[in-house]
**Q** 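Please read through the structure below; I'll follow up with questions.
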Amino acid sequence: MIWLSVSLFSHKNQWNKLLSRAVVPFASKNAYLNGFTIEFNYLSGENIRLSLLTDEENAPELAKLADKYFNNYFLSAGLSEQELKLPVNGIFIPFPSNTIQFGLYPPKKITADKLDNYSLSLHFSQIMLYALKDDVIDDEIILTFAFYLRMGLIKMASPVYPQLVNDLKSRAIPLNAVSSKTAESKINTLKFEEVKETLIEITRDIFDVDRTPHLPVWFKQWMVICKENMNKYGDEVTASSIYIKMLSLIDTHLALSTKMDSMLTYFIDRILLYEEL
């Protein structure tokens, strides 16, 4: 088998349409496709990296079908164009929006016995699709989605890794000693105060058993995936490494910037100190 990666360039606020009206129909109707993953990406412009798993002999035909399908979609969808602003970051001019690009990532061959290594990414991509396909995607949506994911992971990891919450609390700065020396600290503090009540409600929904039935279906699926992976081996040392692996999965697929990751970590630190979990 082989992974083919294509890059679908479109403005971030169009990504939900791209997912629901293009990626889902293409994947559901394609007989050559054995699976796919999606990752948000900002290399040479805002884009979704769509990786397609297929049998090696079907790869050329699948690439042709993808090229035709997504080019037709972009021509007919009427998506807004992203204005190119100069100077650009980096040395390369971004690709035009509403285009499909090939060759940014080399094809990757895998054997059937290695497919399990990609199961987390395959499942996570489905969760991304169904969680984000109906809302205009922006940094706030991505941050909220990532907060749900990380807090759900903490909940499902805790039974196998009982020291986790205490470890996370111990890294958090006590509330009466928050540093305001850096611009980043000030921004994180101000933003947290804006969204604190919402984050507390989300956390209570996740950790209160009585509220669990009201959580989104995609989130319940995420908790099942977390539980299955955390319980695979059962010892705390391994659970700790799996927890870190799944954090990395979230960051990679959502392409969280250093700034967003810092803000998300700050939010979780503050909530863990506010709430008795």
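Scope of the values below: all heavy atoms of this structure, side chains included, with no hydrogens, waters or symmetry mates.
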**Q** Is there a side-chain contact between Ile268 and Met151 in this structure, where contact means two heavy atoms from C-beta onward sitting under 4.5 Å apart?
**A**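 In contact.
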**Q** Hey, is the main chain of Ser119 close enough, under 3.5 Å, to the side chain of His123 for a donor-acceptor pair?
**A**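 Checked: pair present.
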**Q** Tyr266 vs Phe192 aromatic rings, parallel, tilted or perpendicular, using cut-offs 30° and 60°?
**A** perpendicular
**Q** Under 4.5 Å between any side-chain heavy atoms of Ile110 and Leu53, yes or no?
**A** yes
**Q** Hey, is the main chain of Gly45 close enough, under 3.5 Å, to the side chain of Asn47 for a donor-acceptor pair?
**A**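 At least one qualifying donor-acceptor pair exists.
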**Q** So, do Asn58 and Ile2 sit near enough that their side-chain heavy atoms are less than 4.5 Å apart?
**A**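 Answer no - side chains too far apart.
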**Q** Looking at Val160 and Ala239, what are the two nearest heavy atoms and their distance?
**A** CG1-CB, 3.6 Å
**Q** Could you tell me whether a side-chain N or O of Thr252 sits under 3.5 Å from a main-chain N or O of Leu249, the two making a donor and an acceptor?
**A**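 No.
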**Q** Does Ile244 share a hydrophobic cluster with Val165, counting links as ILVMFWY side-chain heavy atoms below 4.5 Å and allowing steps through other members?
**A** yes
**Q** So Phe145 and Ile127, side-chain contact (heavy atoms from CB on, under 4.5 Å) or not? Walk me through it.
**A** CA-CA 10 Å; Phe145 179 53; Ile127 288 170; 4.1 Å; yes
**Q** Distance-only, no hydrogens or angles: does the Asp67 side chain make a donor-acceptor pair with backbone N or O of Ala63 under 3.5 Å?
**A** no
**Q** Could you tell me if the ring centre of Phe26 sits under 6.0 Å from that of Phe70?
**A**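 Close enough - the centres of the two rings lie under 6.0 Å apart.
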**Q** Rounded at 0.5 Å granularity, tell me how far CZ in Arg204 sits from CG in Asp210.
**A** 13.5 Å
**Q** Within 45° of the axis and under 6.0 Å from the centre of the six-membered ring of Tyr148, does NZ or CZ of Arg150 qualify?
**A**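 Here Arg150 fails the 6.0 Å and 45° test against Tyr148.
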**Q** So, Trp222 side chain and Leu149 main chain: donor-acceptor pair closer than 3.5 Å or not?
**A** yes
**Q** For Leu143 and Phe267, what are the C-alpha separation, side-chain angles and deciding distance, and is it a side-chain contact (heavy atoms from CB on, under 4.5 Å)?
**A** CA-CA 10 Å; Leu143 202 61; Phe267 288 177; 3.7 Å; yes
**Q** Between the side chains of Asn34 and Thr54, is a donor N or O closer than 3.5 angstrom to an acceptor N or O?
**A** no
**Q** Under 4.5 Å between side-chain heavy atoms, counting indirect links through other Ile/Leu/Val/Met/Phe/Trp/Tyr residues: same cluster for Ile200 and Met263 or not?
**A** yes
**Q** Are any of the side-chain heavy atoms of Glu39 and Leu254 separated by less than 4.5 Å?
**A**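 Answer no - side chains too far apart.
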**Q** Which atom names give the shortest non-hydrogen contact between Leu215 and Ile206, and what distance separates them?
**A** CD1-CA, 4.1 Å
**Q** With a sphere of 6.0 Å drawn around OH of Tyr118, does it hold more than 12 non-hydrogen atoms of other residues, nucleotides or ligands?
**A**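 Result for OH/Tyr118: enclosed.
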**Q** Roughly how far, to the nearest 0.5 Å, is the NZ atom of Lys108 from the NZ atom of Lys114?
**A**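 Going from the NZ atom of Lys114 to the NZ atom of Lys108 covers 12.5 Å.
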**Q** Which pair of non-hydrogen atoms, one from Met230 and one from Tyr243, has the smallest distance, and what is that distance?
**A**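 What the structure gives for the nearest pair is SD-N, 4.1 Å.
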**Q** Hey, what's the ring geometry for Phe95 with Phe9, parallel, tilted or perpendicular (30° and 60° as the breaks)?
**A** tilted
**Q** Are more than 12 heavy atoms from other residues, nucleotides or ligands located less than 6.0 Å from atom CD of Glu140?
**A** no
**Q** Would you confirm whether Ser158, through its side chain, and Ile154, through its main-chain N or O, come within 3.5 Å as a donor-acceptor pair?
**A** yes
**Q** Can you see whether Ser121 engages Thr37 through a side-chain donor-acceptor pair at a distance of less than 3.5 angstrom?
**A** no
**Q** Within the side chain of Tyr32, is there an N or O that forms a donor-acceptor pair under 3.5 Å with the backbone of Leu65?
**A**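 Such a contact is absent between Tyr32 side chain and Leu65 backbone.
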**Q** Shared ILVMFWY cluster between Phe219 and Val224, side chains joined below 4.5 angstrom?
**A**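 In one cluster: no.
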**Q** What do you reckon, is NZ of Lys196 surrounded by more than 12 foreign heavy atoms closer than 6.0 Å?
**A** yes
**Q** Thinking salt bridges, do Arg211 and Glu201 make one under a 4.0 Å N-O criterion?
**A**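 Between Glu201 and Arg211 there is a salt bridge, with a charged N closer than 4.0 Å to a carboxylate O.
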**Q** Does Ile250 reach the side chain of Met246, with side-chain heavy atoms less than 4.5 Å apart?
**A** no
**Q** Less than 4.5 Å apart, side chain to side chain, heavy atoms only: is that true for Glu56 and Lys109?
**A**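 Yes, at least one pair of side-chain atoms sits under 4.5 Å.
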**Q** Roughly how far apart are Leu19 CG and Gln14 CD, rounded to 0.5 Å?
**A** 11.5 Å
**Q** Taking atom NZ of Lys220 as the centre, does the number of heavy atoms from other residues, nucleotides or ligands within less than 6.0 Å exceed 12?
**A** yes
**Q** Check whether His253 reaches the backbone of Ile38 with its side chain - one donor and one acceptor, N or O, closer than 3.5 Å.
**A**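 Confirmed, His253 side chain pairs with Ile38 backbone.
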**Q** For the backbone of Ser10 and the side chain of Trp15, can you confirm whether one donor and one acceptor N or O come within less than 3.5 Å of each other?
**A** yes
**Q** For the residue pair Asp139 and Met260, establish whether any side-chain heavy-atom pair is separated by less than 4.5 Å.
**A**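 Of all side-chain heavy-atom pairs linking Met260 with Asp139, at least one is under 4.5 Å.
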**Q** Testing the basics here: between Phe36 and Ala27, what is the closest heavy-atom pair and its distance to 0.1 Å?
**A**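 Nearest pair, atom of Phe36 first, then Ala27: CE2-CB, 3.4 Å.
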**Q** Before you tell me yes or no, could you show the steps for Thr203 and Phe147 under side-chain contact (heavy atoms from CB on, under 4.5 Å), namely the whole-Å CA-CA distance, both residues' side-chain angles and the distance that decides it to 0.1 Å?
**A** CA-CA 9 Å; Thr203 303; Phe147 182 83; 3.5 Å; yes
**Q** So, the side chain of Asp261 versus the backbone of Ser257: is there a donor-acceptor pair under 3.5 Å, distance only?
**A**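 Side chain of Asp261 to backbone of Ser257: no pair is present.
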**Q** Check the pair Met1, Thr111 against side-chain contact (heavy atoms from CB on, under 4.5 Å), reporting the backbone distance first and the verdict last.
**A** CA-CA 6 Å; Met1 289 184 287; Thr111 53; over 6 Å; no
**Q** Compare every heavy atom of Leu132 with every heavy atom of Asn16, then report the nearest pair and how far apart it is.
**A**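 Of all heavy-atom pairs spanning Asn16 and Leu132, the closest is CB-O, 3.4 Å.
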**Q** If you group Ile, Leu, Val, Met, Phe, Trp and Tyr by side-chain heavy-atom gaps below 4.5 Å, do Leu33 and Val24 land in one group?
**A**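 Per the 4.5 Å side-chain linkage, Leu33 and Val24 are co-clustered.
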**Q** Which atom pair, heavy atoms only, marks the closest approach of Ile100 to Phe74?
**A** N-CE1, 3.9 Å
**Q** Answer with yes or no whether the hydrophobic clustering places Leu120 together with Trp3; edges join I, L, V, M, F, W, Y residues whose side-chain heavy atoms lie under 4.5 Å apart.
**A**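 Shared cluster, no.
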**Q** Do the side-chain N and O atoms of Tyr105 and Asn41 include a donor-acceptor pair separated by under 3.5 angstrom?
**A** yes
**Q** Would you say the side chain of Lys245 lies within less than 4.5 Å of the side chain of Asn229, judging by non-hydrogen atoms?
**A** no
**Q** Does NZ or CZ of Arg49 lie under 6.0 Å from the centre of the six-membered ring of Phe40, at an angle within 45° of the ring axis?
**A**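 Arg49 over Phe40 ring: no.
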